[in-house]
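One structure, as structure tokens, below. Some questions next.
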2 protein chains.
Amino acid sequence: MSMTVENQLADRTRWRPELCSIAKTLDLLSTKTTFLVLRECFYGTSRFEDFIDRVPTSAPALSRALKQLASAHIVTRVPYRDPGTRARDEYRLTAAGEDLLPVVMSLSLWGNKYLHNGSPPLSFVDARTGQPVRVCVTKDSDLSEARSSDIEIRANFTLD
Amino acid sequence: MSMTVENQLADRTRWRPELCSIAKTLDLLSTKTTFLVLRECFYGTSRFEDFIDRVPTSAPALSRALKQLASAHIVTRVPYRDPGTRARDEYRLTAAGEDLLPVVMSLSLWGNKYLHNGSPPLSFVDARTGQPVRVCVTKDSDLSEARSSDIEIRANFTLD
DNA sequence: CCGTATCCTGATAGATACTG
DNA sequence: CAGTATCTATCAGGATACGG
């Protein structure tokens, strides 16, 4: 990977950090908790109590992370009502949020490869065929892009 | 995206967070500065003084970020000597570090799309053909994966 | 019981000063 | 100039308490 206008580019991204998409995106996903809440969204979690059960954090931190993700329009609040209870909101990925799938998946796949000696705790497979799903960098334009609804997560560890 | 063993899986990742590859990878890339230093590595930066010029951070924070990346074996120190100066080290991506390209690129591409109204400050293209390079999630196994050395970064903004 | 505001504590960044 | 130690300020996280 090399630069077209090497020195100038380097200086510009230094002095005008608002031009760096990576920095701006990280500002929205500022904390580790926010990333893990986002992960949970892809795992299908949508309700406050379920996030609390599944993400190792406190209620105030969860509240802050959800507010952050909502103000960035990565999740949106959707009203629901369980029988016999008052109306509540659940948190659903927006289209923009769904587009963060490569970020979440590539973090997971890298960790699987380098931090678990190739025996991944979770794996991502095509929901119909069971084929493994990968994240790749390519210039090919004629490949079939998987949406998160096509993907199934398999647990590769045994339960006690 | 749905769960095979939904409830059990959720509980396990909650109570045994060491099974979550995302959390473990984020621990290595803990801070925003670490991400931006990693970004600079992909842009070709390798020397302390150049990181200082190009990443908006302080020398102590840079030192900490490089140490963190080195201990995670994402970068490695390589000796060099400029004429008339003492020997120094530069910081180069390892193979594991190169494999973080999809993480960095997908963060950048998402920001380009959603935070810059589709007019990206930087774009990633094939170094030979100039075709845009993308990050995608797919089950196709027969596509040509781009390595970071095949990719060129183009600046789409004018210089003062 | 769901969710948030408040307060307090611990981790992390940057300013400064220093060594090789 | 490369890199680190120290110190302080800032910021994210959790315990608690509180409103719907």
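To find a chain, count down the sequence lines: A is the first, B the second, and so on, and within it residues start at 1. These numbers come from the heavy atoms of this one structure, side chains and all, not from hydrogens, waters or symmetry mates.
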OP1 or OP2 of C:dA13 under 4.0 Å from side-chain N/O of B:T31: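 For B:T31, the contact criterion (side-chain N or O under 4.0 Å from OP1 or OP2 of C:dA13) is met.
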Donor-acceptor pair, side chain of B:T25 and main chain of B:S21, under 3.5 angstrom: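 Yes, because the side chain of B:T25 sits within donor-acceptor range (under 3.5 Å) of the backbone of B:S21.
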Between P of C:dT12 and CG of B:L66, the distance in whole Å: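 Rounded to whole Å, this separation is 17 Å.
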Parallel, tilted or perpendicular: rings of A:Y91 and A:F48 (30°, 60°):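 Judged by the thresholds at 30° and 60°, the geometry between A:F48 and A:Y91 is tilted.
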Reference residue B:V135; test side chain to side chain contact (heavy atoms under 4.5 Å, CB included); the match among B:L107, B:V104, B:L109, B:V103: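 So, applying the side chain to side chain contact (heavy atoms under 4.5 Å, CB included) to B:V135 and each of B:L107, B:V104, B:L109, B:V103, only B:L109 qualifies.
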Phosphate-side-chain proximity, A:K67 and D:dA12, N/O vs OP1/OP2 below 4.0 Å: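 A:K67 to D:dA12 OP1/OP2: no side-chain N or O under 4.0 Å.
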Sugar-phosphate only, base, or nothing, as touched by A:K32 at under 4.0 Å among non-hydrogen atoms: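 Since no nucleic acid heavy atom lies under 4.0 Å of A:K32, the category is nothing.
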Within 45° cone and under 6.0 Å: A:R134 NZ/CZ vs A:F124 ring: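 Checked: cation-pi criterion not met.
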Nearest listed nucleotide, side chain of B:R86, among C:dG14, C:dG20, D:dG3: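 Among C:dG14, C:dG20, D:dG3, the one nearest the side chain of B:R86 is C:dG20.
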N or O in side chain of A:S63 less than 4.0 angstrom from C:dT4 OP1/OP2: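 Yes, such a contact exists.
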Sugar-phosphate only, base, or nothing, as touched by B:A59 at under 4.0 Å among non-hydrogen atoms: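 It contacts base atoms.
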Considering all heavy atoms, the nearest A:E152-A:A127 contact: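 Scanning both residues, the minimum pair turns out to be CB-CA, 4.1 Å.
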side-chain N/O A:T57 vs D:dG14 OP1/OP2, d < 4.0 Å: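 So the side-chain polar atoms of A:T57 do come within 4.0 Å of the phosphate oxygens OP1 or OP2 of D:dG14, strictly under.
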Spacing between A:F48 atom CZ and C:dT4 atom P, to the nearest angstrom: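 Computing the A:F48:CZ to C:dT4:P distance gives 6 Å.
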d(CG, A:L28; P, D:dA12) in whole Å: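 In whole Å, D:dA12 P lies 13 Å from A:L28 CG.
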Atom pair distance, as rounded to whole Å: CG in A:D82 and C1' in C:dC2: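 Computing the A:D82:CG to C:dC2:C1' distance gives 12 Å.
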Position toward the 5' end of DNA chain D (nearest nucleotide), A:R88 or A:S30: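 It is A:S30, whose closest nucleotide lies nearer the 5' terminus.
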Touch class at under 4.0 angstrom, heavy-atom based, for A:R77 against every strand present: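 Sugar-phosphate, backbone atoms only, no base.
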Separation of D:dA12 P from A:L69 CG (nearest whole Å):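 Answer to the nearest Å: 14 Å.
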Pair of N/O donor and acceptor under 3.5 Å linking C:dG14 base with B:R64 side chain: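 Such a pair exists between side chain and base.
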Among D:dG14, D:dC1, C:dG14, the nucleotide that comes nearest once only the side chain of A:P60 is considered: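 When the side chain of A:P60 is considered, D:dG14 is the closest of D:dG14, D:dC1, C:dG14.
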Presence of B:Y80 side-chain N/O under 4.0 Å of D:dA2 phosphate oxygens OP1/OP2: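 The answer is no; no side-chain N or O of B:Y80 sits under 4.0 Å from OP1 or OP2.
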Interatomic distance where CD1 belongs to A:I52 and C1' belongs to D:dA15 [whole Å]: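 Taking atom C1' of D:dA15 as the reference, CD1 of A:I52 is at 13 Å.
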Sugar-phosphate only, base, or nothing, as touched by B:T85 at under 4.0 Å among non-hydrogen atoms: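 No contact.
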A:Q68 side-chain N/O to A:L28 backbone N/O, donor-acceptor pair under 3.5 Å: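 Indeed, once roles are kept as given, a pair shorter than 3.5 Å links the two residues.
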Distance below 4.0 Å between A:S58 side-chain N/O and D:dA15 OP1 or OP2: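 False: A:S58 side-chain N/O out of range (4.0 Å or more) of D:dA15 OP1/OP2.
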Touch class at under 4.0 angstrom, heavy-atom based, for A:D89 against every strand present: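 Here A:D89 touches the backbone only, sparing every base.
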